[in-house]
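Here it is: the structure, laid out below.
Since this is a predicted model, take the numbers as computed values, not measurements. Keep in mind that the numbers below use all heavy atoms, side chains included, and drop hydrogens, waters and symmetry copies.
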Amino acid sequence: MAVLLPPPQLNTAPLAPGLYLVATPIGNLRDITLRALDVLAGADMVLAEDTRVSAKLLSAYAIQKKLERYDEHAAERMRPKIMAALAAGQRVALVSDAGTPLVSDPGYRLVGEALAQGSSVFPIPGPSAALAALTIAGLPTDRFLFAGFPPPKPAARRTFFSELAPVRATLIFFEGGSRLAASLADMAQVFGNRPAAVTRELTKLYETAIRGPL
């Protein structure tokens, strides 16, 4: 039987003003770092891609904090408020639903504006789905390229893959389950029968990795 440990004691030292980019677990809540918990507990404002998802994480570690929505739909409306908070010397934490912020989310615009305004930006490293997948894929790790989501339409997707075909590196993609078979077929057509891996449910109960030629 698993033994549940009490939440770790947090560091109550005040945070320096600025924007904190906080990596959060991609599945297993115990993958959170102690520093990430310190920042989330000490921030004046916590920005979340989905406040319901982030609320579960904070609740698991007994952190009570009001969450503000920051996703592609709310970003334009929220950025002036965030810039004002940073200019006033507040501590703002940004989290995504899972993993490291700015990977396939609109956070990079926020970072750009914060830096242009002269605010400090701090990385709080931790889980990354792309790197977790790379480490168990069994493919070369000395050079890799994260290419994000392929286009949903077949013709655009094949063009997308064709542009990446000359790259001499392991290629990392995110893809939804409903389009996975079609994407793999297009990859095989464009890349040839090169070695590949498909991973899903990383760090969760049904973690799976399937390896073989495309």
Notebook entry, point to check: Is it the case that one hydrophobic cluster holds both L86 and L15, taking links as side-chain heavy atoms less than 4.5 Å apart, direct or via other members?
Noted result: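 L86 does not cluster with L15.
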Notebook entry, point to check: Would you find a donor on one side and an acceptor on the other, under 3.5 Å apart, between the side chain of K65 and the backbone of A43?
Noted result: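 A pair under 3.5 Å: yes.
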Item checked: Any residue meeting side-chain hydrogen bond (donor to acceptor under 3.5 Å, both in side chains) with E76, in chain and number order, not counting sequence neighbours ->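 Counting only residues at least two positions away or on another chain, E76 forms a side-chain hydrogen bond (donor to acceptor under 3.5 Å, both in side chains) with R79.
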Note to self: Checking L57 against L29 for the side chain to side chain contact (heavy atoms under 4.5 Å, CB included) test, could you report, in this order, the C-alpha distance in whole Å, the side-chain angles of both residues, the deciding distance, and whether it holds?
What the structure shows: CA-CA 7 Å; L57 173 65; L29 290 184; 3.8 Å; yes
Item checked: E207 side chain to T203 backbone, donor-acceptor under 3.5 Å ->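 The answer is yes, because a donor-acceptor pair under 3.5 Å joins these two groups.
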Item checked: D38: partners by side chain to side chain contact (heavy atoms under 4.5 Å, CB included), with sequence neighbours left out ->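 Side chain to side chain contact (heavy atoms under 4.5 Å, CB included) check on D38 returns L10, N11.
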Check: Does a side-chain heavy-atom distance below 4.5 Å link L184 with L180?
Finding: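 With C-beta onward as the side chain, the pair touches.
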Check: Considering residues at least two apart in sequence or located in another chain, which fulfil the salt bridge (Lys or Arg N to Asp or Glu O under 4.0 Å) criterion with E72?
Finding: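 E72 satisfies salt bridge (Lys or Arg N to Asp or Glu O under 4.0 Å) with no other residue.
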Check: Going through the distances and angles, do L164 and M187 end up as a side chain to side chain contact (heavy atoms under 4.5 Å, CB included)?
Finding: CA-CA 10 Å; L164 294 169; M187 288 181 200; over 6 Å; no
Note to self: Is there a side-chain contact between R69 and M78 in this structure, where contact means two heavy atoms from C-beta onward sitting under 4.5 Å apart?
What the structure shows: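 No, their side chains stay 4.5 Å or more apart.
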Check: How long is the gap from CG on L58 to OH on Y61, to the nearest 0.5 Å?
Finding: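 Atom-to-atom, L58:CG and Y61:OH are 11.0 Å apart.
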Check: With a 4.5 Å heavy-atom cut-off, do L145 and I172 have their side chains touching?
Finding: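 Contact flag for L145/I172 side chains = no.
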Notebook entry, point to check: Y20 vs F122 aromatic rings, parallel, tilted or perpendicular, using cut-offs 30° and 60°?
Noted result: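 Aromatic pair Y20/F122 classed parallel.
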Notebook entry, point to check: Which heavy atom of L202 sits nearest a heavy atom of A133, and at what distance?
Noted result: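 For L202 versus A133, the nearest heavy atoms are CD1-N, 3.7 Å.
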Check: According to a 4.5 Å side-chain heavy-atom criterion applied to Ile, Leu, Val, Met, Phe, Trp and Tyr, with indirect links allowed, do V198 and L134 form part of one hydrophobic cluster?
Finding: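 Per the 4.5 Å side-chain linkage, V198 and L134 are not co-clustered.
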Item checked: Set of salt bridge (Lys or Arg N to Asp or Glu O under 4.0 Å) partners for E175, sequence neighbours left out ->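 E175 satisfies salt bridge (Lys or Arg N to Asp or Glu O under 4.0 Å) with R179 once adjacent residues are dropped.
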Item checked: Partners passing side chain to side chain contact (heavy atoms under 4.5 Å, CB included) against A169 (at least two apart in sequence or in another chain) ->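 Counting only residues at least two positions away or on another chain, A169 forms a side chain to side chain contact (heavy atoms under 4.5 Å, CB included) with R143, V167.
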Notebook entry, point to check: For the residue pair A196 and L214, what are the closest heavy atoms and their distance?
Noted result: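 Closest approach of A196 to L214: CB-CD2, 3.6 Å.
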Notebook entry, point to check: Are L115 and I82 joined in one hydrophobic group, where the rule is that I, L, V, M, F, W and Y side chains link up if heavy atoms are under 4.5 Å apart?
Noted result: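 Yes, L115 and I82 fall within the same hydrophobic cluster.
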Notebook entry, point to check: Who passes side chain to side chain contact (heavy atoms under 4.5 Å, CB included) against Y108, sequence neighbours left out?
Noted result: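 Checked Y108 against side chain to side chain contact (heavy atoms under 4.5 Å, CB included); matches are L102.
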Notebook entry, point to check: If you measure from CD1 on I63 to OG on S54, what distance do you get to the nearest 0.5 Å?
Noted result: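 Going from CD1 on I63 over to OG on S54, the span is 11.5 Å.
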Margin query: Quick check for you: to the nearest 0.5 Å, what is the distance between S183 atom OG and F160 atom CZ?
Written below: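 Answer for the OG-CZ pair, S183 versus F160, is 9.0 Å.
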Margin query: Between D31 (side chain only) and P25 (backbone N and O only), is there a donor and an acceptor less than 3.5 Å apart?
Written below: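 No: the side chain of D31 does not pair with the backbone of P25.
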Note to self: Checking E68 now: which residues fulfil side-chain hydrogen bond (donor to acceptor under 3.5 Å, both in side chains) with it, not counting sequence neighbours?
What the structure shows: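 Counting only residues at least two positions away or on another chain, E68 forms a side-chain hydrogen bond (donor to acceptor under 3.5 Å, both in side chains) with K81.
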Next item on the list: For residues A93 and L40, report the shortest heavy-atom separation together with the two atoms involved.
Entry: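 Taking A93 first and L40 second, the nearest heavy atoms are CB-CD2, 4.2 Å.
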Notebook entry, point to check: Closest heavy-atom contact between G99 and S96?
Noted result: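 In terms of heavy atoms, the two residues are closest at O-OG, 3.6 Å.
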Note to self: To the closest 0.5 Å, what do you measure between OG1 (T51) and NZ (K56)?
What the structure shows: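 Rounded to the nearest 0.5 Å, the OG1-NZ separation comes out at 11.0 Å.
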Check: Are M45 and L110 connected in a single hydrophobic cluster, I mean Ile/Leu/Val/Met/Phe/Trp/Tyr linked by side-chain heavy atoms less than 4.5 Å apart?
Finding: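 Both belong to a single hydrophobic cluster.
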Checklist line | Contacts of type side-chain hydrogen bond (donor to acceptor under 3.5 Å, both in side chains), residue T199, not counting sequence neighbours | finding: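 Once residues adjacent in sequence are excluded, T199 has no partner under the side-chain hydrogen bond (donor to acceptor under 3.5 Å, both in side chains) criterion.
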Next item on the list: Kindly indicate whether the side chain of D50, heavy atoms from C-beta on, has any atom under 4.5 Å from the side chain of D71.
Entry: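 They are not in side-chain contact.
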Next item on the list: For residues V95 and P101, report the shortest heavy-atom separation together with the two atoms involved.
Entry: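 Of all heavy-atom pairs spanning V95 and P101, the closest is CA-CG, 4.1 Å.
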Item checked: Pairs touching residues 115-139 that satisfy side chain to side chain donor-acceptor pair (under 3.5 Å), sequence neighbours left out ->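 Found Q117-S119.
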Checklist line | Where L139 and P195 come nearest, the two heavy atoms and their spacing | finding: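 Closest pair (atom of L139, atom of P195, distance): CD2-CB, 3.8 Å.
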Next item on the list: Examine distances only and state if a side-chain atom of Y70 and a backbone atom of V46 form a donor-acceptor pair shorter than 3.5 Å.
Entry: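 Absent.
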Next item on the list: Any chance you could measure L37, atom CG, to T24, atom OG1, to the nearest 0.5 Å?
Entry: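 The distance works out to 11.0 Å.
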Next item on the list: Not counting sequence neighbours, which residues clear side-chain hydrogen bond (donor to acceptor under 3.5 Å, both in side chains) with D44? List them please.
Entry: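 Scan of D44 (side-chain hydrogen bond (donor to acceptor under 3.5 Å, both in side chains), adjacent residues dropped) gives R91.
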Check: In chain order, what residues pass the ring pair (Phe, Tyr, Trp, His ring centres under 6.0 Å) check against F161, with sequence neighbours excluded?
Finding: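 With sequence neighbours excluded, F161 shows a ring pair (Phe, Tyr, Trp, His ring centres under 6.0 Å) to F173, F191, given in chain and number order.
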Notebook entry, point to check: Does one hydrophobic cluster hold both I136 and F146, with members joined at side-chain heavy-atom distances below 4.5 Å?
Noted result: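 Different clusters: I136 never reaches F146 through Ile, Leu, Val, Met, Phe, Trp or Tyr contacts under 4.5 Å.
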Next item on the list: Could you tell me the separation between the OG1 atom of T208 and the CZ atom of R200, rounded to the nearest 0.5 Å?
Entry: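 It comes to 4.0 Å.
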Item checked: Of all pairs that satisfy salt bridge (Lys or Arg N to Asp or Glu O under 4.0 Å), the ones with a partner from residues 144-169, not counting sequence neighbours ->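 Of all non-adjacent pairs touching residues 144-169, those that pass salt bridge (Lys or Arg N to Asp or Glu O under 4.0 Å) are R157-D186, R158-D186.
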Note to self: Has T33 got a side-chain atom pairing as donor or acceptor with I124's backbone, closer than 3.5 angstrom?
What the structure shows: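 No; judged by distance alone, with no hydrogens or angles, the pair does not exist.
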